[in-house]
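Shown next, in C-alpha cells, is the structure this report addresses.
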2 protein chains.
Amino acid sequence: MTLASLDNEPSSRDRILDVAESLFARRGYAGVGMKEVADGASLGKSSVFHHFKSKAELYSAACVRILGAFEDRLLRSLAEGGTPSVRLERCIGDLIDVLVAHPTHARLLLRSLFEDDDLPQDGPEGAAVYGSIQNIMGPMAKLLREGMSAGEFRLASVSHVLLLLIGPIVFPFASGDFGEQLLGKDVFDPAQVRRIKGELLDLVRVGLSAPNNAREE
Amino acid sequence: MTLASLDNEPSSRDRILDVAESLFARRGYAGVGMKEVADGASLGKSSVFHHFKSKAELYSAACVRILGAFEDRLLRSLAEGGTPSVRLERCIGDLIDVLVAHPTHARLLLRSLFEDDDLPQDGPEGAAVYGSIQNIMGPMAKLLREGMSAGEFRLASVSHVLLLLIGPIVFPFASGDFGEQLLGKDVFDPAQVRRIKGELLDLVRVGLSAPNNAREE
DNA sequence: GTCTATAATAGGATAGAC
DNA sequence: GTCTATCCTATTATAGAC
C-alpha cells in the first residue's frame, strides 16, 4: 500500500500489470518484450524489473490477477443462492460479464489454461495460478453435482461437462478478428454480447436439463 | 514432387512442417526459434530458410496444412448425406476424430483462430489461411440453416451458434495439462475421447433441437 | 523507485561455397 | 538442397548512479 493507492492514480505496479496483460493476451508470453511493457507503462525497463524480478514472474502475476477476478465474481455469484439451474445460469452470465468488462481477459485466460509451457509452474506465483484455477473449477463441479442429485440436470460426467463448458464461455470473447468476421460485428458490442449469452444459456438450459423435466415450465 | 515423395520417407519440407506444427502448437509463433525447427528436422537453419523464406511463411504453411485437413474431412463428411441433425452430429464427431488423430492440431487451430497478430494476413499464405477458414465455416453455417428451415433445430442466430460450437469442439483437445488434471486422465485416451464426444453430442442434440420435437424418439 | 549503461545471449535472415 | 560463417537487431537481466 503506497500513498498513490489512496488516490485515484494507479501505482506503477498496476500500470505495468495492465500493459502486460494486454500485450500477453495479444501475443503470448514469448511475443512480448519487457521493453515494450516498460514503454507502455511509461517507465524504464529496469523499473519493470524492479517490480517483477523476471518476465516469467510478470506473466504469472498478470494471470493471477485475472484468475482472482474470476474467482471473486464466481464465489459472490454462487453465494446468491437459488436452485442449481438458476445458479449455473447466473454464474455463466456473470463470468461472461467479467470477460466483457475486461476485453483483454478472455485471451489471457485461454492462454493460461492451455499454454502449459509458458508458465513457470514452480515458484509461488505459479502455485497461485494453479490454486486459483482449482478455486474456480471446484465450486463449479460442486454445483453440477448438486444439480444432478436434485434431478435438475441430466446425469453426466461432471468433469467432462466442465471441460466442455469452458470453450463456449471463453472462446467467443477471445476470438478477435475471427469472431468479428463471423458475426459481422464486434463481439464486445452489447447487442452481440446479449445474443451470445442468450444462445449459450439456451443451449445449456435445455442441453443439461434432465430428460424427465418439462422443456418449458 | 521429388523422388523421395514416391518413397515412404517424408521430404525435408514435410519434416520441417511436422516439427514446426508441433512447436508452434505448444509455444506459439514467437515462442519458437528457426534454429529449434531446424534441429528438430535434422537440418541447418539455412536449409529451413531455403524451403520457407521467412518464419511467418512457415507458420502460415503449418496453419494452412491443418486447416486443409479439416476442410477435406468436413466436406467428405457433409457429402455423406442424411438429415441435418444426422449430418451435424457426424461432422462434429469427424472433426473431433481429426483432432484426436493429430494431437497437435487442436492447439494450433485454436491459435490460428484467436492470434490475429501472429499471422501475416497479407501475402498468399495468409490468404490461404483465410480462405480455408471460410471453406470450413461456410458449409457449417449452411447446415445449421437447413436444419432450422427443416424444423429440426430451434430457430437461432446461425453465426452466434457457430461461434459457440467451436469452443467445446476444439478446446478440450487443446487443454493439455489442464484437461488432464480435470479429468484425471489423458484427454486423448480413447475412453476419454468417447466420453467427451458423447457429452458434446448429447449437449448439441438436445440443446439445438426444436422445442416441438420429441426429446426421445 | 527510477534512471543510464552494459553485459551476454539468442533471434531472424543473408552470402556464398559445395 | 544443404552447409558454414556472418550480420544485425532485439532480448533478458544486472550494475550502479541519483
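Keep in mind that this is a model prediction, so the values were computed, not measured. Residue numbering restarts at 1 for every chain, and letters A, B, ... go by the order of the sequence lines.
One interatomic measurement links the two molecules: CE of B:Met34 to P of D:dC7, which rounds to 21 Å at whole-angstrom precision. Atom CG of A:Asp39 is separated from atom P of C:dT2 by 15 Å (rounded to the nearest Å). Following rounding to the nearest Å, A:Lys35 (NZ) and D:dA13 (C1') show an atom-to-atom distance of 15 Å. Rounded to a whole Å, the CG atom of A:Leu58 is 10 Å from the P atom of D:dA13. Here the C1' atom of nucleotide C:dG1 and the CZ atom of A:Arg15 are 12 Å apart, to the nearest Å. One atom, CZ of A:Phe52, and another, P of D:dA13, lie 14 Å apart when rounded to the nearest Å. The interatomic distance linking B:His51 (NE2) with C:dA13 (C1') rounds to 16 Å, in whole Å. The distance from atom CG of A:Asp14 to atom P of C:dG1 is 12 Å, rounded to the nearest whole Å.
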Please list, pair by pair, any protein nitrogen or oxygen found under 3.5 Å from a nitrogen or oxygen in nucleotides 3-6 of chain C.
| residue | atom | partner | partner atom | Å |
| --- | --- | --- | --- | --- |
| C:dC3 | OP2 | A:Gly44 | N | 2.3 |
| C:dC3 | OP2 | A:Ser47 | OG | 2.9 |
| C:dT4 | O4 | A:Ser46 | OG | 2.5 |

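Between the side chains of A:Glu21 and A:His102, not a single donor N or O lies within less than 3.5 Å of an accepting N or O.
Under the 3.5 Å distance criterion, the side-chain polar atoms of A:Arg90 are matched with a main-chain donor or acceptor of A:Ser77. Judged by distance alone, the side chain of B:Lys185 and the main-chain N or O of B:Ala191 form no donor-acceptor pair under 3.5 Å.
The residue B:Val37 sits apart from the nucleic acid: no heavy atom pair falls under 4.0 Å.
The phosphate of D:dT14 (OP1 or OP2) has no side-chain N or O of A:His50 nearer than 4.0 angstrom.
Under 4.0 Å is where a charged nitrogen must lie from a carboxylate oxygen, and between A:Arg87 and A:Glu80 no such pair does. A salt bridge links A:Asp39 with A:Lys35: at least one charged nitrogen is closer than 4.0 Å to a carboxylate oxygen. Electrostatic pairing of B:Glu115 and A:Arg111 counts as a salt bridge here, judged by a charged N lying under 4.0 Å from a carboxylate O.
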Margin query: Between B:Asp97 and B:Lys197, is the side chain to side chain contact (heavy atoms under 4.5 Å, CB included) condition met? List the steps.
Written below: CA-CA 9 Å; B:Asp97 286 343; B:Lys197 209 192 274 191; 2.7 Å; yes

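Checking D:dT2, D:dT12, C:dG12 against every side-chain atom of B:Lys55, the shortest atom distance belongs to C:dG12. Of all nucleotides listed (C:dA13, D:dT12, C:dT2), D:dT12 comes nearest to the side chain of A:Phe49.
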